[in-house]
Structure formats: C-alpha cells, structure tokens
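Numbering of residues begins at 1 and proceeds along the displayed sequence. Every number for a ligand or one of its atoms is a count from 1 in the order of the listing. Since this is a predicted model, take the numbers as computed values, not measurements.
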Amino acid sequence: MSVFLSNWEIKSINLWLSKMHHYKDNSKSQRANKAKEILQLEHKMIGNGRNRIVYDLNNGYVLKVALTEWGIQSNKTEFKIYNHCPVDLREHLCLVKEDGHGWIIMKKMEIEVPDEIYNKELAQLKNKFLAAGIKPKDMWKSNMKLSNKGKITVVDYGNFIMY
Ligand SMILES: Nc1ncnc2c1ncn2[C@@H]1O[C@H](COP(=O)(O)OP(=O)(O)OP(=O)(O)O)[C@@H](O)[C@H]1O
Ligand SMILES: [Mg+2]
C-alpha cells in the first residue's frame with residue numbers, strides 16, 4: 001500500500017523489476033526506454049541516470065524507479081540515510097517521503113545550483129558529511145539542486161556510505 005502510488009502502479013513497477021535483468025548490458029538510455037515502455041506510467045519522465053528513472057508525480061514529488069540492482073540498493077540507501085542522518089544534515093539531503101521495493105518518493109527539486117555557490121560551498125559540505133560518518137560520493141552538480149533556503153541539496157545520494 002502507498003499514499004502516492006496506486007496498486008496498479010506498484011504492480012507495474014514489480015513487473016518491470018522482474019524483467020530488468022534482461023537489460024543490464026544495454027546502454028543507459030536503452031534501459032530507461034525499455035523501463036518506460038514496460039512501466040506505462042501516466043507521469044512525465046524528468047530524468048534518468050544509469051540506475052534509476054525519475055518521474056514527476058505533479059504534486060511536488062518525484063518517483064524514482066530502479067533500472068538496475070544497484071538502483072534498488074540506491075533507493076534503500078537514500079531511505080536509510082535520510083531517516084538516520086544527523087538532523088543538521090537533513091537540509092542538504094532531498095526529502096524522502098515513502099519507499100517500497102525498487103522505488104522511492106522524494107520531493108521534487110528544480111533550482112539548479114549556481115556555479116558560484118557550488119564552488120564556494122562544496123568542500124565545506126563534503127566535510128560536514130564526513131564529520132557525521134557519512135562518506136559522500138558523486139557530489140557532481142547534476143546530482144544536486146538548490147533548496148528554497150538557498151542550501152545545496154543532494155538529490156542523488158544512492159552511492160553515499162553511512163558507517
Ligand atoms: N528529487 C529530484 N527532483 C528533481 N529531479 C530529480 C530528483 N532526483 C533526481 N532527479 C533528476 O533525475 C536524474 C537521475 O536521478 P538520479 O541521479 O537519482 O539517478 P541515478 O541513476 O542514481 O544516477 P547515476 O547515474 O548518477 O547513478 C538526476 O540527475 C536529476 O536530474
Ligand atoms: Mg545521478
């Protein structure tokens with residue numbers, strides 16, 4: 001059961017997950033296209049990485065569906081880190097609302113991080129994570145957005161390691 005997804009949508013995600021392994025050697029875009037075709041979700045796709053496809057739920061939230069086994073793991077990692085990190089780091093991690101097998105619901109974030117802020121604050125932010133026992137990985141600009149409060153917020157922390 002989910003607050004954000006219908007039973008039909010969850011069934012559809014499970015169908016994709018059961019077929020996903022056939023496409024593990026495909027390119028990133030081929031895999032996303034195949035997922036899109038099988039998922040048949042009525043939402044707009046707004047992005048994809050190697051491991052997850054991202055849909056806009058049109059209510060301020062996004063749905064990320066795994067494209068690979070690592071994508072399943074990444075979703076689990078984000079759910080765990082968001083819910084167990086120190087409170088003062090939360091504002092730098094995209095809000096997680098719900099998760100299930102192979103999927104996660106996060107707040108939709110739209111503002112690109114200006115170069116100026118990225119260059120000035122990245123090192124300090126990395127140190128803040130390290131000091132909290134969290135190893136930040138893939139801190140590229142494409143994995144971050146700016147919060148309404150002007151804070152750098154990581155939207156892809158699936159590869160972070162929390163000790
Ligand atoms: N919360 C969000 N709000 C808006 N856009 C998002 C959000 N999360 C992800 N995206 C967009 O979708 C893209 C893919 O998401 P994400 O980086 O989480 O996937 P991934 O497969 O884990 O990436 P990678 O290839 O780096 O492993 C992001 O680069 C970003 O453009
Ligand atoms: Mg990414």
Exercise. May I ask you to check if ligand 1 and R50 share an N or O to N or O distance below 3.5 Å?
Key: yes
Exercise. Return yes if a side-chain donor-acceptor contact under 3.5 Å exists between S147 and E91, otherwise no.
Key: no
Quiz prompt | Contact atoms of ligand 1, heavy-atom distance to N51 under 4.0 Å | solution = 21 (O), 27 (O)
Quiz item: Considering I105, V62, D156, L67, which one's heavy-atom position lies nearest to atom 24 (P) of ligand 1?
Solution: D156
Self-check item: ligand 1 atoms in contact with C94 (distance to a heavy atom under 4.0 Å)
Solution: 1 (N)
Practice problem: Among R52, K141, K145, find the one that has a salt bridge (Lys or Arg N to Asp or Glu O under 4.0 Å) with D156. | Solution: R52
Quiz item: Does some side-chain heavy atom of E69 sit less than 4.5 Å from a side-chain heavy atom of M20?
Solution: yes
Exercise. State whether the side chain of S74 and the backbone N or O of W70 hold a donor-acceptor pair below 3.5 Å, judged by distance alone.
Key: yes
Self-check item: Side-chain donor-acceptor contact under 3.5 Å, N143 with D138
Solution: no
Exercise. Output the list of atoms in ligand 1 that are nearer than 4.0 Å to some heavy atom of K108, sorted by atom number.
Key: 3 (N)
Practice problem: Only heavy atoms count here, so choose which of V54, L95, D56, I111 is nearest to atom 12 (O) of ligand 1. | Solution: V54
Quiz prompt | Step-by-step salt bridge (charged side-chain N to carboxylate O under 4.0 Å, His left out) determination, D99 to K76 | solution = CA-CA 8 Å; D99 85 326; K76 284 185 189 162; over 6 Å; no
Quiz item: Taking distance alone, with no angle check, do S142 and ligand 1 share an N/O pair under 3.5 Å?
Solution: yes
Practice problem: Dump the intermediate steps for side chain to side chain contact (heavy atoms under 4.5 Å, CB included) on W103 and Y55, then the final yes or no. | Solution: CA-CA 11 Å; W103 58 270; Y55 291 92; over 6 Å; no
Quiz item: Of all the heavy atoms in N48, does at least one lie under 4.0 Å from an atom in ligand 1?
Solution: yes
Quiz item: With only distance considered, is K107 within less than 3.5 Å of ligand 1 through an N or O on each side?
Solution: yes
Quiz prompt | Atom of F160, atom of T77 and distance for their closest heavy-atom approach | solution = O-CG2, 3.5 Å
Practice problem: Restricting to N/O/S, name the atom of D156 that gets closest to the Mg ion (ligand 2). | Solution: OD2
Quiz item: For atom 3 (N) of ligand 1, which candidate among K64, M109, R52 holds the nearest heavy atom?
Solution: M109
Quiz item: Hey, is there an N, O or S on S142 sitting under 2.8 Å from the Mg ion (ligand 2)?
Solution: no
